[in-house]
Amino acid sequence: MFDSRAALRLLIGFLLALAFWFLFASAYERVLAPAAEFLIRLGESPAVTRLEAPGKEFLVKRADFPPGAPYPGLPSPDLHFNFVLLGALFALPPRPWRQRNVTRFRLAALCLFVVHVVFLVFQVESVYANNFREWSAAHYSAFARNFWGAGFHFYQIAGRFAAPFAIWWFFGRSEPLEPAAEQARGPRRKKKRSKV
Amino acid sequence: MKFRPLSSKGDPGTRQRSFGFLLRFVLFLVVFYFLVAAKPVNDHVIVPFTGWIASASGTVLNALGEKATVQGTEIHSGSFGVNIENGCNGVETALLLAAAVLAFPASWRHRLTGFLLGFLGIQVLNLIRVVSLVWIGRHRPALFDSSHTVIWQSAVVLFGVLIFLFWASRQRPRPANAEEKAGR
């Protein structure tokens, strides 16, 4: 069964990733917001969206909002707490601090960053497309409303949990299939030593 | 269970199977998402199931002396109330497990057994999660947000992933030609 050392590594990885996440979540959001803002503004003419990350939420500020209108705030931890899962999964193999595992973890974290940027775009566009009633209906087609809304809903329900697993499987999986591989190879034969 | 690092320079067959697994996994996940997001399924399966979780959690909380009341998917304990929504009912982790188990090459009997046992395990852990969150919400409200989203949600999903890895490690690999035939 899942041995005690692997369980311990997983627990330590989970706690370390959790501590890292708590320490750097705000700083990370300040990197995420401009990256997503850049992508959103690519599709806008004129470019009016401005994303700010004051902590625990992303504030969506549009230049064309009426003066004094409240800015929509999007909860930020829901978007990127799955980093903790990625960190824990990369702690699974024996000697997780080895250079190869660390390099793969960095690549995987970069991929997860891209996922976060993309789904922050989905989140903002979903708010634009569905939350402003007449304005939304006037600026987004029925297909666009469903596309942005369903895209972000998919991330909330399944994507945010599946993403770290899929990325880990692709980059850093330590294959837990050794017993099966052993069976496939068949019984080991002892090498005969020739006597000289 | 021993863990063998999958080398990036590994044989192309292994990498191909690994990539194939990922593609099937994502495909099944999207299909399952649309299934549970459909309004009739949500209204007639997911919401009653979530109500059952709330009811079971209420029973456990009352047994622990917390004096909880349950209305549909809402649990109230003292001045604290919580509504169990999608994402908090263990269904999302079950979807993940189902997609991974289906994407992995194994017999249908093993897939069904793996999924059912895994689903049961996930729901037991989720029940502990809901009960503990109601307790935290009532007695340590400052800790509720981080416990709810980051700690417990990650723990439940991680548990689902571990169930899958454990199950996958116990499957006999199919012979290569059998996999080819299955793919036709």
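Chain identifiers are assigned alphabetically (A, B, ...) following the order of the sequence lines, protein sequences preceding nucleic acid strands; residue numbering begins at 1 within each chain.
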Undergrad: Taking atom types as modelled, find out whether Thr49(A) and Glu37(A) have a side-chain donor-acceptor pair closer than 3.5 angstrom.
TA: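 Per modelled atom types, Thr49(A) and Glu37(A) side chains form no pair under 3.5 Å.
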Undergrad: Using non-hydrogen atoms and a 4.5 Å limit, figure out which bit of Val150(B) sits close to chain A: side chain, backbone, both or neither.
TA: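 Looking at Val150(B), backbone and side chain both touch chain A.
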Undergrad: Between Ala166(A) and chain B, with a heavy-atom cut-off of 4.5 Å, which part of the residue counts as in contact: side chain, backbone, both or neither?
TA: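 Both parts, backbone and side chain.
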Undergrad: Side chain, backbone, both or neither: which part of Ala17(A) has a heavy atom under 4.5 Å from chain B?
TA: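 Answer is neither: Ala17(A) stays 4.5 Å or more from chain B.
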Undergrad: Under 3.5 Å, is there a donor on one side chain and an acceptor on the other for Ser76(A) and Glu57(A)?
TA: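 Distance-only check fails for Ser76(A) and Glu57(A).
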Undergrad: Can His110(B) and Ser107(B) be counted as having a side-chain donor-acceptor contact under 3.5 angstrom?
TA: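 On atom types as modelled, these side chains qualify, holding a pair under 3.5 Å.
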Undergrad: Quick one: what part of Phe14(A) sits under 4.5 Å from any heavy atom of chain B, side chain, backbone, both or neither?
TA: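 The side chain, not the backbone.
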Undergrad: Heavy-atom distances under 4.5 Å only: say whether Arg5(A) touches chain B with side chain, backbone, both or neither.
TA: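 Neither the backbone nor the side chain of Arg5(A) comes within 4.5 Å of chain B.
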Undergrad: Would you mind checking which part of Phe32(B) comes under 4.5 Å of any heavy atom in chain A, side chain (CB onward), backbone (N, CA, C, O), both or neither?
TA: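 It is neither, since no heavy atom gets under 4.5 Å.
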Undergrad: Which bit of Leu85(A) comes within less than 4.5 Å of chain B, counting heavy atoms only: side chain, backbone, both or neither?
TA: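 Both parts, backbone and side chain.
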Undergrad: Counting only non-hydrogen atoms closer than 4.5 Å, does Leu158(B) touch chain A with its backbone (N, CA, C, O), its side chain (CB onward), both, or neither?
TA: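 Its backbone and side chain both get close to chain A.
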Undergrad: Which bit of Phe154(A) comes within less than 4.5 Å of chain B, counting heavy atoms only: side chain, backbone, both or neither?
TA: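 For Phe154(A), the contact with chain B is made by backbone and side chain together.
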Undergrad: Which residue is it: Phe152(A), Tyr155(A), Tyr128(A), Phe147(A)? I am looking for the one with a ring-ring contact (aromatic ring centres under 6.0 Å, His included) to Phe122(A).
TA: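 Of Phe152(A), Tyr155(A), Tyr128(A), Phe147(A), ring-ring contact (aromatic ring centres under 6.0 Å, His included) with Phe122(A) is met by Phe147(A) alone.
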Undergrad: Can you see which heavy atom on Glu66(B) is nearest to which on Arg138(B), and at what distance?
TA: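 Glu66(B) and Arg138(B) have their closest heavy atoms at O-NH1, 2.9 Å.
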Undergrad: Step by step, work out the side-chain hydrogen bond (donor to acceptor under 3.5 Å, both in side chains) result for His148(B) and Gln153(B).
TA: CA-CA 7 Å; His148(B) 167 238; Gln153(B) 229 162 21; 5.2 Å; no
Undergrad: Does any heavy atom of chain A fall under 4.5 Å from the side chain of Val91(B), the backbone, both, or neither of them?
TA: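 Looking at Val91(B), nothing touches chain A.
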Undergrad: Measuring centre to centre across the rings, with the benzene-like ring taken for any Trp, is Phe24(A) within less than 6.0 Å of Phe20(A)?
TA: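 Phe24(A) vs Phe20(A): aromatic centres under 6.0 Å.
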